[in-house]
Structure formats: structure tokens, C-alpha cells
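Notes follow the structure.
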Amino acid sequence: MTRDEALAVITKALIATVGSVDGDLAEDTNLVDDGLLDSLDSMTFLFELENDLGSKLEAIDETYDDFRVGALVDIVVQATS
Amino acid sequence: MLASFQILVLATFAASLVYWLLPAGWVEGRRAVLLVTSGVFIWIYNPATLFIAVATALLAWLLYGITRRYPQYGWLPWLIVLPLVLNAITPLDQLIPFPAGSPRSVLFTTLGTLGMSFYTFKLYVSIKQGLKLDSLPFREVLTTTLFYPAFPAGPIDGSQKFDHVALSRDPDIRRWVMGIGRIGIGAVKAFIIGGWIQTTLADALFGAPMSAMYEQGWDGPVQALLFAFVAFAYLYINFSGFTDIAIGAGWMFNLDLTENFRFPLIAHSIQNFWQRWHLSLSKFITAYMFKPMLRRTGKTALSLIVTFTLIGLWHKASLGYLFWGIGHGSALALTAWYRAKKRPPIPLPHVVRRAGGIVITLTFVSLMSTIANQPSNRVLARYVLSFVGIHVA
């Protein structure tokens with residue numbers, strides 16, 4: 001999966017979690033620090049992301065807390081390569 | 001109560017001086033200072049409590065070792081709740097034949113029960129962090145469990161807060177002074193403001209102190225609702241005051257305990273409330289209960305309701321806390337569903353919506369908290385019936 005495709009999957013999971021996203025996601029956006037997700041949302045988001053990918057992301061355990069879009073893109077690209 | 005508090009402050013003052021006299025390289029010497037001070041404090045409360053806490057820490061360490069050896073049994077760390085379950089059935093400190101009549105301090109009246117609930121979660125976090133780092137020395141588990149300022153009411157921190165790096169820090173006089181200030185703030189909140197709410201304010205509003213209301217009942221829905229606000233304000237002031245004391249004491253040893261509150265009384269939604277109230281518990285719930293349950297069930301609403309019901313019962317196995325868990329879980333599920341369905345916001349000015357959100361959230365959490373903290377099912381029924389104008393003697 002390319003970085004653009006990974007970004008599209010992340011955006012889709014984000015929309016499934018919070019309903020809508022204003023504009024495009026930038027790689028330096030932090031979904032939690034920038035207020036797009038709260039702590040409970042963040043877990044639902046990760047669940048939606050894994051659902052869309054059809055597999056569990058090994059890099060994301062219970063205590064995963066890096067919600068920078070760039071870091072998530074890295075994980076998705078690595079998991080699908 | 002204040003006399004016990006003064007002893008705690010003096011002990012922390014003395015222990016921190018001894019702690020800082022030891023060079024940074026003598027980490028285990030510093031740890032011994034923390035363990036001995038904590039051990040003495042808990043022993044004064046009740047030797048059996050100390051025995052149970054040490055035994056539970058040992059169980060956590062064993063569970064870590066077994067899970068590390070057999071990672072396929074990922075559920076094993078949850079066995080750390082076994083002592084807590086046993087304690088709910090029969091108080092463990094009554095099973096152990098330690099000498100009766102140990103000099104229990106008034107400050108620690110509920111220390112045994114509350115402490116066990118909190119250190120159980122701390123130990124679970126420690127096991128999980130240990131598995132992640134592939135290291136969990138028993139001495140760190142023990143320090144996490146016993147650290148006396150955080151023993152009765154948290155915050156819920158894992159062993160990393162008491163690891164080699166944390167204990168080898170240089171003295172920081174500024175933090176030490178700030179720690180004393182934070183303890184002072186906590187004392188004012190917990191003892192002075194809390195006491196004023198419980199007695200003077202309650203007396204002015206209800207004609208009786210808060211504790212007497214559970215006996216005499218409520219005249220009607222207005223008084224019952226007002227009582228909920230007052231009771232929740234007391235809970236917040238008292239709980240956050242004890243957290244301030246714990247965090248301040250941590251600062252005196254240059255240790256960073258997790259902040260637990262961020263002005264929860266101005267939360268504008270139930271989701272926002274859980275980003276402001278008991279943050280270390282909120283983090284625990286999200287990471288270790290909600291997410292694994294969501295992965296297993298695939299259903300957000302169900303996972304939220306089950307998770308919060310279990311958390312309610314963790315607080316206390318009672319009908320009130322069962323309602324509390326179902327109520328909070330359902331409210332969060334409803335909010336998540338509303339957001340995901342892209343429902344348009346109510347057509348009112350932002351400031352009106354925000355103010356309305358604060359009032360509704362505060363009313364909801366106050367009612368839930370008051371329902372949960374009723375001393376018996378009979379009093380709970382009396383409280384609920386007062387909302388429909390039925391006064392039960």
C-alpha cells in the first residue's frame with residue numbers, strides 16, 4: 001500500500017469514528033492533540049482502522065498513544081507491505 | 001483527622017530529607033526509604049493490610065513471570081483481581097489473625113478497601129508495562145503498591161514511575177517546595193472545604209449535615225437534586241484533595257505521579273467529563289478494558305456499557321454502582337452513536353449549547369454519583385423515590 005492509499009484508509013476510519021473530517025489530513029496532524037479524537041474515540045478509530053485493513057496491527061497494542069497521522073501511515077504501509 | 005495529616009506531612013518531610021541525603025547512585029537506598037516509610041504507615045493502619053498488599057504485589061510479580069514465559073495466555077495478568085474479589089466476599093484483613101485493635105488512624109478509615117482497589121489496577125498496569133519492556137523487578141512492583149501517599153486513592157500509575165531512572169534523579173529544591181504547597185492545597189480542599197460542604201453548607205441547605213440526610217431522607221425532587229450537586233461537589237473536592245496530597249508528596253521525592261483531574265465540573269459532555277475526571281482511571285479503562293473488548297465484540301456501544309459496568313462494580317459491588325456503570329456506559333455509547341451518525345448540531349448559538357452541555361453533564365454525573373454512593377439499597381430506593389414525591393421513612 002502506498003502512503004496516499006494508507007492516508008485514505010486512515011481518513012475512512014476517522015470518518016467512521018467521528019462522522020466527518022474537515023479538509024484533508026496532513027501527516028503532521030496529531031489526531032488526539034489537535035482535538036479530532038478523544039481517548040475513547042482513539043480506541044474506536046484504531047478498531048475501525050484494523051477493520052478496514054482486515055487484520056490486527058501488531059505495532060498497535062493497548063497502550064499505543066502516537067496519533068500523528070504520519071506515524072499511523074508508517075504503520076499501515078509497513079503492515080501491508 | 002488533621003492530627004493524622006500532620007503526622008503524614010512530618011513523616012514525608014523527614015523521609016524526603018533522608019532520601020535526598022543519599023547520593024543519586026544509591027537508588028536502592030532511596031527505595032528503602034520509600035518502602036520503610038510506606039510500610040510503617042500501612043502497618044500503623046493495620047498490619048494485615050500491609051501483609052495483603054505485599055502478598056498481592058508478589059502475586060503480580062509471579063503473574064508477570066508466568067505470562068512472560070507463556071505469552072499465549074494473555075489473560076493471566078487479570079488474575080491480579082482475585083484478592084480484590086475475595087476481599088469483596090470476605091474482608092481479607094479479618095481472616096488473618098493479626099492482633100486486634102491496631103492503632104488505626106482516622107485519616108485512613110477507608111484505606112484498606114480503597115487502597116486494595118487502587119493498587120490492584122496499579123499492579124495490572126505494572127505487569128503490562130513489564131511485559132512490554134521485558135523487565136519488572138519485584139522491588140519496583142512493591143514500591144508501586146505501597147507508596148503511602150498514593151495508597152488510599154491513587155492515582156493509578158505503573159511501576160515505571162518508581163523505576164531506577166525516577167529514583168536516581170538529583171534533588172530539586174523548587175519541586176520540593178512546590179510539593180509542600182501542593183500538599184497544603186490538597187489539605188485545604190480535603191479537610192477544610194470538604195468539611196465545610198459536608199456540614200455547614202449541607203446544614204444551610206438541608207437543615208442537617210450530609211451524613212444525616214441518608215437517615216432522614218429527602219423532601220422531594222428539588223431537595224434530592226440539590227443534594228446530588230452538593231454530594232458530587234464534596235466527592236470532587238475530597239478526592240482531588242487527596243490526589244493533590246499524593247502528587248505533592250511525590251514531588252517532594254522528585255517523583256511524577258499522574259494528574260487525575262482537569263476541572264471536571266465544567267465538562268460540556270459525558271465524553272468531555274471522562275477527559276477531565278479521574279484521568280488515570282480513564283486511561284486504564286480505555287487502554288486495558290474498552291479497547292480489548294471492542295476488538296473482541298466489534299460493537300462500540302456494548303463494549304462501553306460492559307466496560308463501565310465492570311468499572312462500577314470495581315468501585316463497589318452494589319446496586320448503586322451497577323446503575324452508575326450502566327448509566328455512564330450508555331451515555332457514552334449514545335454520544336458516540338450520535339457523533340458517528342453525523343447528526344447536525346442543535347440549532348442554537350454555540351455559547352448556549354456549551355452552557356446547556358455543562359448543566360446537563362453536571363446534573364447527570366452528580367445524579368449517577370449520588371445513586372452509586374448511597375450506603376444501602378434501602379437508602380438508594382428512598383433517594384430514587386423522592387424524585388417522584390414519595391417519602392419513605
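So you know, we letter chains A, B, ... as the sequences are listed, proteins then strands, and number each from 1.
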Problem set entry | Rounded distance [0.5 Å steps], CZ in Phe47(A) versus NZ in Lys291(B) |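 If I round to the nearest 0.5 Å, the distance is 11.0 Å.
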Problem set entry | Interatomic spacing from CE in Met289(B) to CE in Met43(A) - rounded to 0.5 Å |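 The CE atom of Met289(B) sits 14.0 Å away from the CE atom of Met43(A).
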Problem set entry | Under 4.5 Å from any heavy atom of chain B - which part of Thr44(A) |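 Contact with chain B involves both backbone and side-chain atoms of Thr44(A).
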For this session: Check each atom of Glu48(A) against the heavy atoms of chain B and say whether the ones under 4.5 Å are side chain, backbone, both or neither.
Result: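 Contact with chain B is absent: no heavy atom of Glu48(A) under 4.5 Å.
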Are there over 12 heavy-atom neighbours, none belonging to [X], within less than 6.0 Å of that residue's [atom1]?
| X | atom1 | result |
| --- | --- | --- |
| Arg353(B) | CZ | yes |
| Arg68(A) | CZ | no |
| Glu27(A) | CD | yes |

Problem set entry | Region of Ile285(B) in contact with chain A, defined by heavy-atom distances below 4.5 Å |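 It is neither, since no heavy atom gets under 4.5 Å.
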For this session: Please identify each residue that fulfils side chain to side chain donor-acceptor pair (under 3.5 Å) with Thr297(B), with sequence neighbours left out.
Result: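 For Thr297(B) the side chain to side chain donor-acceptor pair (under 3.5 Å) partners, ignoring immediate neighbours, are Ser303(B).
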Problem set entry | Partner set under side chain to side chain donor-acceptor pair (under 3.5 Å) for Asp41(A), not counting sequence neighbours |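 Side chain to side chain donor-acceptor pair (under 3.5 Å) list for Asp41(A), sorted by chain: Gln271(B), Arg339(B).
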